[in-house]
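The analysis underlying the following values was restricted to heavy atoms, covering all of them including side chains, and did not include hydrogens, waters or symmetry mates.
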Amino acid sequence: MIINADLHIHGCYSIATSKNMTPPVMAPEAKLKGLDLIATGDALHLKWLKILEETLEESSDGIFSLKESARVHEENTSEDESKFILTTEVEDIKRVHHLIIFPSIESAMKTRGQMKGNMDSDGRPRVRMDGSQIMEIAHQNGCIIGPAHAFTPWTSIYKEYDSIKDSYGQMPDFLELGLSADSDMADKIEELENIPFLTNSDAHSPWPHRLGREFNELEIKKLSFDGVRDSILDKKIKANYGFDPRLGKYHHTACSKCFTQYSIEEAIKMKMRCPCGGKIKKGVDYRIHELSSWEEPHHPMHRPPYIHILPLAEIISITHGKGVTTVFVQKIWKEMVRRFNDEITALIHAPMEEVTEVDPEVASVIKAFRNKTLEIKAGGGGKYGEIILPKNNHELNQQKF
């Protein structure tokens with residue numbers, strides 16, 4: 001069985017998260033996206049656990065469906081909506097973030113009781129423990145664990161450490177790439193060659209331009225916690241889908257004042273000071289350079305393809321120069337989803353001639369993503385990257401991500 005899974009999101013009790021991040025809203029929206037399985041997020045927060053118990057029921061071991069009483073649309077059935085798996089993100093004493101996937105509510109409750117910190121201060125709690133202590137508790141309770149968004153400049157494992165073992169004392173069950181990196185970047189680091197990579201949205205909003213903006217295609221024997229765990233540990237991930245990291249605002253090393261980009265060698269020679277007087281901000285490219293064993297990626301045999309995508313509403317927005325939530329953009333998005341059943345199918349699998357029938361300009365951008373000809377001006381220094389539209393579209397548009 002092949003499923004699309006987004007294994008890192010946050011519920012409504014996390015800071016800066018939409019009040020609509022509740023299972024009755026998330027499940028049908030995830031289905032429109034094309035996700036078969038989504039994370040619950042925040043499974044150590046008592047009030048969130050109560051919401052999960054009120055709205056979800058276990059449909060197979062470690063997998064949950066909406067209860068009949070929680071369905072927004074009465075005509076929907078459990079087969080019409082995405083399923084849930086229990087997860088959380090925690091911040092350790094070094095401000096490094098970790099993603100934990102649980103086999104059961106009982107496991108989440110046991111883990112909650114063993115963590116040192118206020119589990120209810122935020123959906124993503126900060127604990128007074130290091131990575132090795134968190135991993136030990138997670139494994140004691142049957143969970144799998146790995147670093148969240150491992151390359152972000154602020155709260156990642158590679159922000160704090162030069163080796164994952166310096167945090168955990170051993171290798172984790174997986175590594176989440178995050179929006180800042182893809183497999184080509186991560187596979188320059190030798191210590192990662194045997195670790196499965198995940199790509200997840202870290203969504204704070206349930207709408208399809210946030211939920212599933214990064215996701216994994218997994219081959220599983222059964223839709224259960226064991227099935228998901230085994231798919232990850234046995235390296236049965238068929239594909240990772242996510243952002244092109246060049247769109248990030250700290251991808252390249254660049255001046256944080258004038259945004260001039262520099263090669264790593266130039267930045268070092270200039271002692272991280274730009275002629276304009278600004279400070280040159282170390283980019284993710286610089287950090288990868290520091291950690292790299294090779295100049296080019298060495299993809300192990302088990303590594304699946306990493307496929308760059310962008311949410312459909314973002315593509316429509318960029319193409320037509322309209323806001324993501326405008327009636328104009330949403331009308332085209334709804335027509336695409338109606339025609340192809342879900343967003344992921346429209347982006348990845350739908351015949352291009354049929355996509356063109358809905359909107360020729362949007363189709364040309366989707367085609368450029370598919371055939372890897374999309375031109376991108378990389379971001380850096382705090383300025384987001386820019387997508388340069390195909391010649392038959394509008395001229396250069398800048399979209400923040």
Considering non-hydrogen atoms only, spot the tightest contact between [X] and [Y] and give its length.
X      : Y      : value
Asn240 : Phe197 : ND2-O, 3.2 Å
Ser183 : His299 : O-CE1, 3.6 Å
Leu192 : Ala186 : CD1-O, 3.6 Å
Ile134 : Met129 : CG1-CB, 4.0 Å
Thr253 : Gly283 : OG1-N, 3.0 Å
Ser14  : Gly123 : OG-CA, 3.3 Å

Any donor-acceptor pair under 3.5 Å linking the side chain of [X] with the backbone of [Y]?
X      : Y      : value
Gln133 : Asp130 : yes
Thr111 : Ser107 : yes
Trp154 : Lys159 : no
Asn141 : Cys143 : no
Thr88  : Ile100 : no
His45  : Gly11  : no
Ser317 : Ala313 : no
Glu89  : Ile9   : no
Ser104 : Gly62  : no
Trp48  : Thr40  : yes

Original post:
Looking at Val25, Ile51, Asp42, which hits side-chain contact (heavy atoms from CB on, under 4.5 Å) with Cys12?
Top reply: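 Going through Val25, Ile51, Asp42 one by one, the side-chain contact (heavy atoms from CB on, under 4.5 Å) with Cys12 is satisfied by Ile51 alone.
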
Under 4.5 Å between any side-chain heavy atoms of [X] and [Y], yes or no?
X      : Y      : value
Leu37  : Asn4   : no
Pro172 : Pro147 : yes
Thr22  : Thr55  : no
Leu312 : Ile366 : yes
Ile232 : Asp230 : no
Leu56  : Phe84  : yes
Leu46  : Asp120 : yes
Ile316 : Asp359 : no

SB check [X] [Y] (cutoff 4.0 Å):
X      : Y      : answer
Glu57  : Lys67  : no
Lys33  : Glu343 : yes
Arg287 : Asp162 : yes
Arg126 : Glu91  : yes
Glu81  : Arg71  : yes
Asp244 : Arg246 : yes

**OP:** Taking ring-ring contact (aromatic ring centres under 6.0 Å, His included) as the test, write out the residues that go with Phe102, two or more places apart.
**Re:**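 Applying ring-ring contact (aromatic ring centres under 6.0 Å, His included) to Phe102 gives none.
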
Tell me which donor-acceptor pairs under 3.5 Å the side chains of residues 204-212 have, and how far apart each pair is, sequence neighbours excluded?
unit_1 : atom_1 : unit_2 : atom_2 : d
His204 : ND1    : Ala16  : O      : 3.2
His204 : ND1    : Thr17  : OG1    : 3.3
Arg210 : NH1    : Glu314 : OE2    : 3.3

**OP:** Sorted by first residue and then second, give each ring pair (Phe, Tyr, Trp, His ring centres under 6.0 Å) pair with at least one member in residues 253-294; sequence neighbours left out.
**Re:**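 Listed once each, the pairs are Trp294-His298.
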
**OP:** Step by step, work out the side-chain hydrogen bond (donor to acceptor under 3.5 Å, both in side chains) result for Thr325 and Gln330.
**Re:** CA-CA 6 Å; Thr325 59; Gln330 288 301 307; over 6 Å; no

Is the [X] to [Y] ring centre distance short of 6.0 Å?
X      : Y      : answer
His98  : Tyr168 : yes
His308 : Tyr306 : yes
His320 : Phe328 : yes

Original post:
With respect to Arg303, which candidate in Asp187, Asp182, Asp184 satisfies the salt bridge (Lys or Arg N to Asp or Glu O under 4.0 Å) definition?
Top reply: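 Single pass found, and it is Asp187.
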
Less than 3.5 Å apart, any donor N or O on the side chain of [X] or [Y] sitting next to an acceptor on the other?
X      : Y      : result
His97  : Asp92  : no
Ser201 : Asp6   : yes
Ser163 : Glu191 : yes
Asp226 : Ser224 : no
Asn20  : Glu29  : no

Subject >> Straight-line distance of Glu217 CD to Ile307 CD1, nearest 0.5 Å >> reply: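 Glu217 atom CD to Ile307 atom CD1 measures 7.0 Å (nearest 0.5 Å).
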
Original post:
In Å, rounded to the nearest 0.5 Å, how long is the span from CD of Glu176 to CG of Asp202?
Top reply: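 Here the rounded value is 6.5 Å.
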
Would you find more than 12 non-hydrogen atoms of other residues, nucleotides or ligands less than 6.0 Å from [X] atom [atom1]?
X      : atom1 : answer
Lys281 : NZ    : yes
Lys188 : NZ    : yes
Glu265 : CD    : yes
Glu353 : CD    : yes

**OP:** Quick one: do Leu347 and Tyr241 satisfy side chain to side chain contact (heavy atoms under 4.5 Å, CB included)? Show the steps, please.
**Re:** CA-CA 11 Å; Leu347 286 172; Tyr241 293 87; over 6 Å; no

**OP:** Carefully, step by step, assess Asn216 and Thr199 under the rule side-chain hydrogen bond (donor to acceptor under 3.5 Å, both in side chains).
**Re:** CA-CA 6 Å; Asn216 312 279; Thr199 44; 3.1 Å; yes

**OP:** Decide yes or no on side-chain hydrogen bond (donor to acceptor under 3.5 Å, both in side chains) for Gln261 and His252, but give the supporting numbers first.
**Re:** CA-CA 7 Å; Gln261 295 186 6; His252 275 171; 2.8 Å; yes

**OP:** Step by step, work out the side-chain hydrogen bond (donor to acceptor under 3.5 Å, both in side chains) result for Glu214 and Asn200.
**Re:** CA-CA 5 Å; Glu214 297 206 343; Asn200 302 302; over 6 Å; no

Subject >> For Glu335, the option from Lys331, Arg339, Arg338 that meets side chain to side chain donor-acceptor pair (under 3.5 Å) >> reply: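 It is Arg338; the other options fail the test.
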
